[in-house]
Amino acid sequence: MKPLIIANWKMNPSNSKEAFDLALSVQNELKGLNIEVVLCPPFVYVPQLLPSLNVFIGAQDCFWEQEGPYTGEISPAMLKNLGCSHVILGHSERRRNLKETAEMVQSKAKACLEIGLIPVVCIGQSAEKEFQDMLQAFDAQEISKIVFAYEPEWAISTQKGAKSEDPEHARTIMEGMKEALASAFGKETAEKTRIIYGGSVNQENIGKFLKVGFQGALVGAASLDNKGFVALAKKAELA
Ligand code: PGA
């Protein structure tokens with residue numbers, strides 16, 4: 001399986017020219033690399049970036065219904081119809097700032113799968129129960145389409161004093177998740193279900209997380225610097 005590198009731009013940059021320039025330079029530099037790259041810009045830039053680029057474009061959230069009276073929301077169907085491939089769900093910043101619950105995240109993941117979008121579900125440092133609940137709520141076929149991002153909240157670079165998780169400790173969490181997958185759905189499903197790491201990933205440490213068995217990374221701050229992100233992606237290819 002090729003490493004999956006997902007760029008979470010969060011609420012950046014503040015204008016569409018910068019968004020376009022960043023996406024274009026990343027795309028050009030990454031041409032031909034043997035990895036999968038998904039850029040997740042803010043919603044407003046998606047319609048501009050999608051037709052002009054040939055990298056995967058994802059969103060940073062969506063609603064759990066496909067259409068209807070939900071002021072301010074964006075549906076999975078809208079994203080799918082634009083051409084998006086992935087949607088990040090349950091990021092700790094949304095859980096904290098917007099009180100998003102595990103039930104909401106599950107409903108959103110279901111709505112994404114229903115329309116053919118790949119949910120990238122963020123699982124924090126104390127989310128063992130939540131992961132177990134996810135395993136109960138989905139069948140083997142659905143679960144293997146979800147990408148799980150193990151992302152301890154304290155490791156996110158914008159948190160005070162943040163530093164990346166120790167790769168060896170992260171490995172034990174990831175292996176625990178794989179074991180839970182295997183006991184719920186069998187070894188084959190566990191192998192097929194991607195688990196990636198997020199939290200202060202950069203060009204220096206990406207190799208370590210891939211070496212311990214993560215199948216990719218969710219990258220925040222480092223994805224906003226085109227040179228750094230390209231260097232990170234190149235390291236991922238070699239890991
Ligand atoms: P970071 O963010 O890479 O800046 O730590 C990761 C994330 O929040 O998804």
Side-chain angles (χ1 to χ4, degrees), residues 3-14 18-19 22-23 26 30 35-43 45-46 55-62 84-100 102 105 108-109 112 118-127 130-131 146-167 169-170 173-174 177 194-210 212 214-236 239:
L4 172 66
I5 305 296
I6 304 180
N8 177 10
W9 288 4
K10 308 193 179 182
M11 202 171 70
N12 302 290
S14 61
E18 273 180 58
L22 173 59
V26 165
L30 296 185
I35 57 171
E36 273 175 49
V37 175
V38 184
L39 302 182
C40 298
F43 287 131
Y45 302 138
V46 170
V55 287
F56 292 114
I57 299 285
Q60 298 172 19
D61 180 44
C62 68
C84 284
S85 55
H86 296 66
V87 184
I88 299 171
L89 295 174
H91 192 282
S92 58
E93 285 156 8
R94 296 191 60 82
R95 294 180 197 253
R96 190 177 62 244
N97 297 327
L98 297 154
K99 309 281 174 274
E100 231 177 65
V105 175
K108 290 176 177 197
C112 284
I118 300 171
V120 179
V121 175
C122 301
I123 297 286
Q125 68 271 24
S126 54
E130 187 176 339
F131 186 61
I146 299 175
V147 174
F148 289 97
Y150 165 57
E151 185 164 85
E153 196 173 350
W154 48 261
I156 293 177
S157 67
T158 45
Q159 294 284 317
K160 232 174 153 193
K163 59 175 173 52
S164 67
E165 163 74 296
D166 166 31
H169 181 256
I173 306 279
M174 183 262 299
M177 289 166 79
R194 270 177 156 149
I195 301 180
I196 65 175
Y197 169 78
S200 296
V201 176
N202 55 38
Q203 54 178 304
E204 311 302 332
N205 61 22
I206 178 72
K208 294 183 189 148
F209 289 102
L210 298 183
V212 297
F214 282 95
Q215 292 157 309
L218 180 57
V219 185
S223 71
L224 293 169
D225 158 39
N226 61 346
K227 288 205 171 71
F229 185 66
V230 167
L232 180 161
K234 289 186 172 162
K235 291 253 171 81

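Atoms within each ligand, like the ligands themselves, are counted from 1 in listed order.
Looking at Gly220 next to ligand 1, an N or O pair under 3.5 Å apart turns up. At under 3.5 Å, a nitrogen or oxygen of Ala221, whether backbone or side chain, sits near a nitrogen or oxygen of ligand 1.
The distance from ligand 1 to the heavy atoms of Leu218 drops below 4.0 Å at these ligand atoms: 9 (O). Every atom of ligand 1 is numbered from 1 in the order shown, and the set under 4.0 Å from a heavy atom of Lys10 is 2 (O), 7 (C), 8 (O). Here is the list of ligand 1 atoms found below 4.0 Å of a heavy atom in Ser200: 1 (P), 3 (O), 5 (O). Applying the 4.0 Å criterion to heavy atoms of Ile156 picks out, from ligand 1, the atoms 2 (O), 5 (O), 8 (O). The atoms of ligand 1 that sit less than 4.0 Å from any heavy atom of Asn8 are 9 (O). Taking every non-hydrogen atom of Gly199 and a distance limit under 4.0 Å, the qualifying atoms of ligand 1 come out as 5 (O).
Test Leu218, Ile196, Asn8 against Cys122 for side-chain contact (heavy atoms from CB on, under 4.5 Å) and you get one pass: Leu218.
No side-chain heavy atom of Phe56 sits less than 4.5 Å from a side-chain heavy atom of Cys40.
Minimum interatomic distance between Ala59 and Phe43 (heavy atoms only, all atoms of both residues): CB-CE2, 3.7 Å. Counting all heavy atoms, side chain and backbone alike, Ala236 lies closest to Pro3 at O-CG, 3.7 Å.
If you check which protein heavy atom lies closest to atom 1 (P) of ligand 1, you get Ser157 OG, 3.5 Å. Here the heavy atom of the protein found nearest to atom 9 (O) of ligand 1 is Glu151 OE2, 2.8 Å.
With sequence neighbours left out, the side-chain contact (heavy atoms from CB on, under 4.5 Å) criterion links Asn226 to Leu22, Ser25, Val26.
Using a 4.0 Å cut-off between charged nitrogen and carboxylate oxygen, Glu153 and Arg95 do not count as a salt-bridge pair.
Between Phe131 and Phe148, the two ring planes are perpendicular [angle over 60°; tilted spans 30° to 60°].
Few gaps surround NZ on Lys235; more than 12 heavy atoms of other groups in view lie less than 6.0 Å from it.
Note on ligand 1: His91 sits in its first shell, one or more heavy atoms being nearer than 4.0 Å.
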